[in-house]
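Contents: one structure, followed by commentary.
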Number of protein chains: 2
Amino acid sequence: MAIFSKTCEYALRAVFYVAQRSHEGYKVGIKEIAEQINSPEPFLAKILQRLRKEGLIQSVKGPSGGFYFDAASLNRPLADIVTAVDGDAIFTGCGLGLTDCSESNPCPLHEDFKKVRNQITSMLNHTPIGKFNLGLIKGKFSLNK
Amino acid sequence: MAIFSKTCEYALRAVFYVAQRSHEGYKVGIKEIAEQINSPEPFLAKILQRLRKEGLIQSVKGPSGGFYFDAASLNRPLADIVTAVDGDAIFTGCGLGLTDCSESNPCPLHEDFKKVRNQITSMLNHTPIGKFNLGLIKGKFSLNK
DNA sequence: GAGATAAAAGATAAAAATATCGTTTATTAA
DNA sequence: TTAATAAACGATATTTTTATCTTTTATCTC
């Protein structure tokens, strides 16, 4: 089990790649994205369609078209992407899968998981999509293996 | 997406319930466990079979049989249960799903996820199966909704 | 030892997540 | 205004996870 679904992992990797290229002034085609982040192209296309419908990423059709982020979108937090793809289970869900777990009706791991969730939530809320652009351009980070 | 698979959530809830009952001196039948933790009985049976094969839980067949933990097993860490069911992805996997992510070839979120993973790992390694027995007996914790 | 009980095992089934394909629509550039 | 390009859309396929059912085996009680 991972923190995010496979779908969300692809989404985040794609987001980082498109953000980097947007920072450099380019739009990117789905084929290039899929190659660069090592994901199945048609599946990734579906994911980006969803993000686009939610207004989280921009795209234009036709020659010299592709996906990109405008300035405002580059500043959105990663949490928006995660929520769009995986919902808010990672932010609010019980670690043991209970539906009514809460302060007043806690599972045994409630306090422990609260810390973990808070850390993940804080990280995703405070990390803008474009945060790693310079690092990616400098080749400091990997997105493909 | 959750931290653990549904299978693992059931496993942990069942483990807590059986641990509590073992502490009280009882063995528990699969039917009672499934009822008390609100899980599908035959599915849970498969899960407990796996744990039993790995020696993480004990069981006896026949009348007045059922599942239980011996003293040594009650002191094992939750990490053993999680590893048996979900493998070690939660402890070692890359947050973005990369296979070769490491200190020398990091994904953009590598440092952030290291903190999250370390916290989860530490928690699961330092929490023995029997830790919540008294709290459960006193009704302080919920396992069923 | 016979009958009852409860877990183990094996074969399936259903649902959800992941992945693919063919066609359509929008946009651009010539 | 046409040809080429690239995303959008809709239908379908595959794989994995989750769940069920039936039969078998072990153990206890009498």
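Chain letters run A, B, ... following the sequence lines, proteins first, then strands; residues in each count from 1.
Within the structure, ring pair (Phe, Tyr, Trp, His ring centres under 6.0 Å) contacts touching residues 19-62 of chain A (residues at least two apart or in different chains) are A/Y10-A/F43. Screening residues 103-145 of chain B for ring pair (Phe, Tyr, Trp, His ring centres under 6.0 Å), with sequence neighbours left out, gives A/F4-B/F113, B/F16-B/F132, B/F132-B/F141.
The stretch residues 78-86 of chain A does not touch DNA chain C, since none of its heavy atoms comes less than 4.0 Å from the strand. Taking a 4.0 Å limit (strictly below) on heavy-atom distances, residues 20-31 of chain B reaches DNA chain C at B/V28, B/G29, B/I30. Contacts between residues 35-57 of chain A and DNA chain D, defined by a heavy-atom separation under 4.0 Å, are made by A/K46, A/Q49, A/R52, A/K53.
Atoms CD1 and CD1, from B/I120 and B/I3 in turn, are 4.5 Å apart once rounded to the nearest 0.5 Å. The CD1 atom of B/I129 sits 6.5 Å away from the CG atom of B/L56 when rounded to the nearest 0.5 Å. Note that the CG atom of B/L44 and the CD1 atom of B/I30 stand 4.0 Å from one another [nearest 0.5 Å].
Here B/E41 pairs with nothing under the side-chain hydrogen bond (donor to acceptor under 3.5 Å, both in side chains) rule; sequence neighbours left out. Take B/N75 and apply the side-chain contact (heavy atoms from CB on, under 4.5 Å) test, not counting sequence neighbours, and it matches no residue. Residues meeting the side-chain contact (heavy atoms from CB on, under 4.5 Å) test with B/S22, sequence neighbours left out: B/V18, B/Y68, B/F69.
Donor-acceptor pairing under 3.5 Å is recorded for the side chains of A/D70 and A/S73.
Shortest non-hydrogen contact noted between B/C101 and B/C107 is SG-N, 3.3 Å. Minimum heavy-atom separation, B/A19 to B/G130: CB-CA, 4.4 Å. The two residues B/T7 and B/R50 come nearest to each other via the heavy atoms CG2-NH1, 4.4 Å. Residues B/P106 and B/S104 come closest through the heavy atom pair CD-C, 3.5 Å.
The outermost nucleotides of DNA chain C lying under 4.0 Å from heavy atoms of chain A, listed 5' to 3', are C/dT18 to C/dA29.
Considering only heavy atoms from C-beta on, B/Q36 stays 4.5 Å or farther from B/L143 through its side chain.
Rounded to an integer number of Å, the gap from A/E32 CD to D/dT5 C1' is 15 Å. As a whole-Å value, the separation of B/K6 NZ from D/dT20 P is 12 Å.
Linking ILVMFWY residues whenever their side-chain heavy atoms come closer than 4.5 Å, directly or via other members, places A/L74 and A/L12 in the same cluster.
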Would you list the atom pairs, donor with acceptor, under 3.5 Å between side chains in residues 83-100 of chain A and any protein atom, with sequence neighbours excluded?
from	atom 1	to	atom 2	distance (Å)
A/T83	OG1	A/A79	O	2.8
A/D86	OD1	A/S5	OG	2.6
A/D86	OD2	A/S5	N	3.0
A/D86	OD2	A/S5	OG	3.4
A/T92	OG1	A/D88	O	3.1

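In this structure, the side chain of B/R13 engages the main chain of B/N38 through a donor-acceptor pair within 3.5 Å.
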note = Expected string for nucleotides 23-30 of chain D under the B/S/- scheme (protein heavy atoms, under 4.0 Å, primed atoms plus P, OP1, OP2 as sugar-phosphate) is --BBBB--
query = Tell me, what's DNA chain C's dot-bracket, Watson-Crick or G-U with both distances under 3.5 Å, | for other-strand, [ ] crossing?
reply = ||||||||||||||||||||||||||||||
